[in-house]
Amino acid sequence: MAAPDEDQRFIKPFILHKSAKSLAIPLAFNEYFPDPLPNTVELLDYYGRSWTIRMKKRGETVFLTVGWENFVKDNELEDGKMMEFIYDCDRTFYVVIFGHGGVSELRVFPQAVVDVGDYATGEEEEEEEKNKSN
């Protein structure tokens, strides 16, 4: 395994008939994987969502297999979208997806709105302690 000074990257297009069930990692990227090859890697997106994906070697080619279909579905991948994979050399890929216009896709996910007034700040407890000591 190569000892990189920084994260390693590669870019792949999503092609439905080739990449729907598994994704081949470029051969030149093999040097960044440990020997033996890990059974799984994590794919992370901008939002911290995570997918555990099985890695499998067929001949010299490494594939992302079991779990890849979930990643494809969850990210609504379609023909022509590009993906940048940034490998931390410790079983994690950060994935950036680019739309047809070449711009990274940031998705808006439903978020819970929390009224911070519903939570005590701790100031009340400090004041009570102060009053007790006086």
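Scanning all heavy atoms of the two residues, the minimum distance from S22 to R58 falls at OG-NH1, 4.4 Å. Across all non-hydrogen atoms, the minimal contact from A24 to F63 is CB-CE2, 3.5 Å. Looking at every heavy atom in both residues, L16 comes nearest to D79 through N-OD1, 2.5 Å. Across all non-hydrogen atoms, the minimal contact from L43 to W68 is CD1-CZ3, 3.9 Å. For S19 against P13, the heavy-atom pair with the smallest separation is OG-O, 4.3 Å. The two residues W51 and D74 have their closest heavy-atom pair at NE1-OD2, 2.7 Å.
There is no side-chain donor-acceptor pair under 3.5 Å between E42 and T92. Side chains of R49 and N75: a donor on one and an acceptor on the other come within 3.5 Å. Residues Y87 and Q8 bring no donor and acceptor atom of their side chains to less than 3.5 Å of each other.
In this structure, L64 CG and K12 NZ are separated by 9.5 Å, a value rounded to the nearest 0.5 Å. Put simply, CG on L44 and CG on D88 are 8.5 Å apart, with the number rounded to the nearest 0.5 Å. Here T52 contributes atom OG1 and R91 contributes atom CZ; the two are 8.0 Å apart, rounded to the nearest 0.5 Å. For the atom pair NE2 of H17 and CD1 of I15, the computed distance is 6.5 Å after rounding to the nearest 0.5 Å. Atom CE of M55 sits about 4.0 Å away from atom CG of L37, to the nearest 0.5 Å. Atom CD1 in I25 sits 11.0 Å away from atom NZ in K57 (nearest 0.5 Å).
Taking the side chain as every heavy atom from C-beta outward, I53 and F93 never approach each other to under 4.5 Å. Here the side chains of K56 and V62 are not in contact, with every heavy-atom distance at 4.5 Å or above.
Taking the six-membered ring where the residue is Trp, F29 and F10 present perpendicular rings, their angle passing 60° and hence far from 30°.
None of E84, M83, K81 except one satisfies the side-chain contact (heavy atoms from CB on, under 4.5 Å) rule with F98; the exception is E84. Across D45, V95, L23, a single residue satisfies side-chain contact (heavy atoms from CB on, under 4.5 Å) together with F71, and that is V95.
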When you look at H100 and M82, which way does the side chain to side chain contact (heavy atoms under 4.5 Å, CB included) test go after all the steps?
CA-CA 8 Å; H100 298 292; M82 298 296 289; over 6 Å; no
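No side-chain donor-acceptor contact under 3.5 Å links S104 to the backbone of I97.
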